[in-house]
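The shown structure was predicted, so the numbers you read here are calculated from the model rather than taken from an experiment. The first residue in the sequence is number 1, and the count goes up from there.
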Amino acid sequence: MAEKKEEDSYLLLKGSSSSPNEAIFFVLAYLPLFELLTITRVCKSLRDAVNDDVLLWLKIVVERPLSWRISDNILIHVASRAKGRLQFLALINCVNITDDGLLRLVSQNPHITKLHIPGCTSLSPVGVIESVKLLTNNSNHRLQSLRINGVHGIKKEDLETLENLMIINRNHQTRKKTSDKILYHTYRKYKDNIHRLVDVEICPKCDETRVLFDCTNGDACEHCTRGCESCVARCVECGICVRGDEELEEASCTDALCLNCWLKLPKCNHCNKPYCNEHAYLRHRVVLSGSDTGFLCAECHSSQFI
């Protein structure tokens, strides 16, 4: 019986010939970059199948655990599998990627529609602008989305240059209105859900280039203005602003909660602090009595063993 299962697994990977079974390609399309690169080390047939399938490389998203490891040369090598047809490039907190690496990649892939480089601290405003120029040097360019939150040194004139480059000579492209709202709590969950050409603006409070958030209450809120995460405290659960004369409720994680959300969330049985839903996985479940259950936060749970 065991031999039969092993044979079936072998046939799934190998098929009736030396190439992998076609069914495996349905899986490959859903794998993150780290796992896709790992697959190429399983066997020669899988390596060739993955490397030769251009469709798998039209969208490249570099995130943890690769963010801190990937360099300019490695990125160029990975992107070469797209054969110049790369459409979506996302480098999340890739601190080792420099202007030279980004420019080389962009020059080899002129059809990129989305360029997301948040937290790439080794990039400069000049490098970002030059990269966008390469992608928008003709009237039929396809660049529709630019994410640069966390790139240091971006000034107001740089933002204006970037936005003008993205809309210039576009017959059907209209500038996105700045009234498109970004709500803090939805941004935390779905960072790509920003309907703007460029994700950042100049914060009116600190003059830094950051993502600006709107209050959930909109115009009905008389207590806050648009501002970045550092300048305006907002509840991570509902996105409402917390006024200066109101206290933020303590949570087991470092996020801010308004009183209403704090009351609704389950609390640690020892310190009576909740986790926000984003960090609920940190709860340590405990059995109280009978079928009743509760949880301990990570700090209270670890203190039991000291």
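- Contact of the Val61 side chain with the Leu33 side chain is not registered, since no non-hydrogen atoms from C-beta on lie closer than 4.5 Å.
- Using a 4.5 Å heavy-atom cutoff, the side chains of Leu28 and Asp53 are not in contact.
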Please evaluate residues Glu229 and Val211 with respect to the criterion side-chain contact (heavy atoms from CB on, under 4.5 Å), reporting the C-alpha separation (whole Å), side-chain torsions for both, the decisive distance (0.1 Å), and the verdict. CA-CA 8 Å; Glu229 182 178 6; Val211 177; over 6 Å; no
Start with the C-alpha gap between Glu130 and Leu102, add the side-chain angles, then the distance that decides, and say whether side-chain contact (heavy atoms from CB on, under 4.5 Å) holds. CA-CA 10 Å; Glu130 291 301 317; Leu102 183 62; over 6 Å; no
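- Counting heavy atoms from C-beta outward, Asn96 and Asp72 have side chains that stay 4.5 Å or more apart.
- A salt bridge links Glu201 with Arg226: at least one charged nitrogen is closer than 4.0 Å to a carboxylate oxygen.
- A distance of 11.0 Å separates NZ of Lys205 from CG of Leu212, quoted to the nearest 0.5 Å.
- Counting all heavy atoms, side chain and backbone alike, Cys297 lies closest to Cys268 at N-SG, 3.4 Å.
- Closest approach of Gly127 and Leu103 over heavy atoms only: O-CD2, 4.1 Å.
- Distance CG/Asp207 to NZ/Lys156: 9.5 Å, rounded to 0.5 Å.
- Between Leu75 and Leu91, the closest side-chain pair of non-hydrogen atoms falls below 4.5 Å.
- Taking CD1 from Ile112 and OG from Ser131, the interatomic distance works out to 8.5 Å, rounded to the nearest 0.5 Å.
- Between Lys114 and Lys59, every side-chain heavy-atom pair lies at or beyond the 4.5 Å cut-off.
- Nearest heavy-atom pair across Arg210 and Cys228 is NH1-SG, 3.5 Å.
- A continuous path of Ile, Leu, Val, Met, Phe, Trp and Tyr side chains, each step under 4.5 Å between heavy atoms, connects Leu89 with Phe34, placing both in one hydrophobic cluster.
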Apply the test side-chain contact (heavy atoms from CB on, under 4.5 Å) to residues Leu86 and Leu105: give CA-CA distance (whole Å), side-chain angles for both, the deciding distance (0.1 Å), then the verdict. CA-CA 9 Å; Leu86 181 63; Leu105 186 145; 3.9 Å; yes
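- Side-chain atoms of Leu58 and Phe88, non-hydrogen and from C-beta on, never get closer than 4.5 Å to each other.
- Using a distance-only test at 3.5 Å, with no hydrogens or angles considered, a donor-acceptor pair links the side chain of Ser122 to the main chain of Val95.
- Considering only heavy atoms from C-beta on, Val54 comes within 4.5 Å of Arg85 through its side chain.
- Under the 4.5 Å side-chain heavy-atom criterion for grouping Ile, Leu, Val, Met, Phe, Trp and Tyr, Ile92 is not connected to Trp57 through any hydrophobic cluster.
- More than 12 heavy atoms of other residues, nucleotides or ligands shown are found within 6.0 angstrom of CZ on Arg47.
- The hydrophobic cluster containing Leu115 also contains Ile60, counting ILVMFWY residues as joined when their side-chain heavy atoms lie under 4.5 angstrom apart, directly or transitively.
- Here the CG atom belonging to Leu162 is positioned 5.0 Å from the CD1 atom belonging to Ile129, to the nearest 0.5 angstrom.
- Taking hydrophobic clusters as Ile, Leu, Val, Met, Phe, Trp and Tyr residues chained together by side-chain heavy-atom distances below 4.5 Å, Val236 shares a cluster with Ile182.
- For NE2 of His279, the number of neighbouring non-hydrogen atoms (other residues, nucleotides, ligands) closer than 6.0 Å is greater than 12.
- Applying the 6.0 Å contact sphere to CD of Glu35 captures more than 12 heavy atoms from other residues, nucleotides or ligands.
- When all heavy atoms of Ser67 and Val62 are compared, the closest pair comes out as OG-O, 4.0 Å.
- For the residue pair Arg147 / Ser145, a side-chain donor-acceptor distance below 3.5 Å is found, with atom types taken as modelled.
- A continuous path of ILVMFWY side-chain contacts below 4.5 Å connects Leu123 to Ile74, so both sit in one hydrophobic cluster.
- To the nearest 0.5 Å, atom CG of residue Leu46 and atom CG of residue Asn51 are 10.5 Å apart.
- Remark: the backbone N or O of Pro118 is not paired with any side-chain donor or acceptor of Asn149 at under 3.5 angstrom.
- The two residues Lys155 and Thr209 make their nearest non-hydrogen contact at N-OG1, 4.2 Å.
- A cation-pi contact, defined as under 6.0 Å to the ring centre and within 45° of the axis, links Lys267 to Trp262.
- For the pair Ile154 and Val151, the tightest heavy-atom approach, listed with the atom from each and the gap, is CG1-O, 3.5 Å.
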Checking Tyr275 against Leu265 for the side-chain contact (heavy atoms from CB on, under 4.5 Å) test, could you report, in this order, the C-alpha distance in whole Å, the side-chain angles of both residues, the deciding distance, and whether it holds? CA-CA 7 Å; Tyr275 276 115; Leu265 293 169; over 6 Å; no
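- You'll find the side chain of Asn73 reaches within 4.5 Å of the side chain of Arg104, heavy atoms only.
- Atom CZ of Phe295 and atom NE2 of His284 lie 10.5 Å apart (nearest 0.5 Å).
- Side-chain N or O atoms of Thr136 include none that pairs as donor or acceptor with a backbone N or O of Met166 at under 3.5 Å.
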